[in-house]
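The structure presented is a predicted model; accordingly, all values stated were derived computationally and were not measured.
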Amino acid sequence: MAQLDDILQQHDYNRTLLIAIMQDIQKVYHYLPEEALCYIARKLNLSEAKIYGVATFYENFSLEPKGKYVIKICDGTACHVRKSVPILDEFRGMLGLSKEKTTTDDMLFTVETVSCLGACGLAPVCTVNDHVHPSMTPDKARALIEELKEEAANEN
């Protein structure tokens, strides 16, 4: 709860900054834990229903745990016609994921599709924790996963 108190303090316990507070919480936990939402509801004197309403309204918020590395593959028109689907298939295949199972058991990777990343000129693109990787191919996807696995191993 100390981290939550720090986040709330950075925002002066200002309930009008609820979205920014929730964004900061999600940066720390990679999702919005139920306990955290209940805690900030009490601290900001807001109903839990109000907090959950905001959390479920905005697509960027997640109530489900995500991996350390959140990979988003664009499937907008520009990326789709430049073959983003084989890239998605490569990520899923390497990580043992599917449309239904989006996060690895070790909580290292989450793979999601998004409608547009706003980088159509760089298509096909993906992001890893919001860092853009342009002109992706299945080969580049394999190399990226290996690089991230190595990075994670070196941190341990």
Side-chain angles (χ1 to χ4, degrees), residues 3-4 6-8 10-11 14-37 40 49-156:
Q3 281 184 310
L4 295 176
D6 288 345
I7 290 168
L8 288 165
Q10 289 168 16
H11 295 282
N14 185 340
R15 60 198 292 175
T16 65
L17 299 176
L18 178 61
I19 291 172
I21 291 167
M22 292 169 73
Q23 287 172 324
D24 286 351
I25 292 169
Q26 187 161 285
K27 279 181 195 167
V28 171
Y29 297 99
H30 302 288
Y31 78 112
L32 296 172
E34 181 179 349
E35 304 81 28
L37 296 180
I40 66 168
K50 169 75 173 173
I51 301 288
Y52 275 94
V54 172
T56 56
F57 180 79
Y58 292 101
E59 193 174 307
N60 261 355
F61 290 130
S62 175
L63 299 175
E64 298 294 320
K66 292 190 179 191
K68 176 179 181 173
Y69 300 108
V70 178
I71 301 169
K72 295 180 183 180
I73 296 94
C74 182
D75 197 35
T77 303
C79 289
H80 188 82
V81 300
R82 292 188 179 132
K83 306 201 183 320
S84 62
V85 174
I87 296 162
L88 173 63
D89 292 342
E90 188 64 34
F91 280 127
R92 285 179 175 164
M94 284 191 74
L95 299 170
L97 299 175
S98 65
K99 185 176 184 180
E100 295 76 28
K101 182 181 190 265
T102 60
T103 300
T104 57
D105 293 336
D106 62 3
M107 297 302 292
L108 199 54
F109 295 98
T110 296
V111 175
E112 304 173 331
T113 58
V114 294
S115 298
C116 185
L117 287 170
C120 302
L122 306 174
V125 298
C126 75
T127 61
V128 177
N129 298 347
D130 299 322
H131 175 75
V132 176
H133 294 268
S135 306
M136 286 300 293
T137 65
D139 287 341
K140 286 182 179 180
R142 269 190 303 283
L144 180 57
I145 292 297
E146 294 304 327
E147 178 185 320
L148 294 172
K149 284 181 177 180
E150 188 175 313
E151 178 181 302
N154 289 337
E155 289 177 359
N156 293 335

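Taking the side chain as every heavy atom from C-beta outward, Asp24 and Gln10 approach each other to under 4.5 Å. Using a 4.5 Å cut-off on side-chain heavy atoms (C-beta onward), Asp75 and Val114 make no contact. Put simply, the side chain of Leu18 reaches to within 4.5 Å of the side chain of Ile40, judged on heavy atoms. Taking the side chain as every heavy atom from C-beta outward, Glu147 and Glu150 never approach each other to under 4.5 Å. Taking the side chain as every heavy atom from C-beta outward, Thr110 and Tyr69 never approach each other to under 4.5 Å. Residues Leu148 and Val128 meet the side-chain proximity criterion, which asks for heavy atoms closer than 4.5 Å. Using a 4.5 Å heavy-atom cutoff, the side chains of Cys74 and Ser84 are not in contact. Side chains of Leu37 and Tyr52 form a contact here, defined as non-hydrogen atoms less than 4.5 Å apart.
When every heavy atom of Thr127 is checked against every heavy atom of Leu117, the shortest pair comes out as CG2-CD1, 3.8 Å. The heavy-atom pair separating Ile51 from Met22 by the smallest distance is O-CE, 3.8 Å. Scanning both residues, Val125 and Ser135, for their nearest heavy atoms gives CG1-N, 4.5 Å. Counting all heavy atoms, side chain and backbone alike, Val54 lies closest to Ile19 at CG1-CG1, 4.0 Å. Closest approach of Lys140 and Pro134 over heavy atoms only: NZ-O, 4.0 Å. Closest non-hydrogen pair, Gln23 versus Phe61, comes out as N-CE2, 3.7 Å.
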Carefully, step by step, assess Leu144 and Cys126 under the rule side-chain contact (heavy atoms from CB on, under 4.5 Å).
CA-CA 11 Å; Leu144 180 57; Cys126 75; 4.2 Å; yes

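Rounded to the nearest 0.5 Å, atoms CD (Glu112) and CG (Leu97) are 11.0 Å apart. One finds the CG atom of Asp106 at 8.5 Å from the NZ atom of Lys149 (value rounded to the nearest 0.5 Å). The line from NZ of Lys66 to CG of Leu108 is 15.0 Å long, rounded to the nearest 0.5 Å. In this structure, the separation between CD1 on Ile25 and CD1 on Ile7 is 5.0 Å, given to the nearest 0.5 Å. Taking CD1 of Ile87 as the reference point, atom CD1 of Ile73 lies at 8.5 Å (rounded to 0.5 Å). Interatomic distance, Lys72 NZ to Asn129 CG, rounded to the nearest 0.5 Å: 9.0 Å.
Within 6.0 Å of the NZ atom in Lys50, the count of heavy atoms belonging to other residues, nucleotides or ligands does not exceed 12.
With hydrogens and angles ignored, the 3.5 Å screen pairs a side-chain donor or acceptor of Gln26 with a backbone N or O of Asn60.
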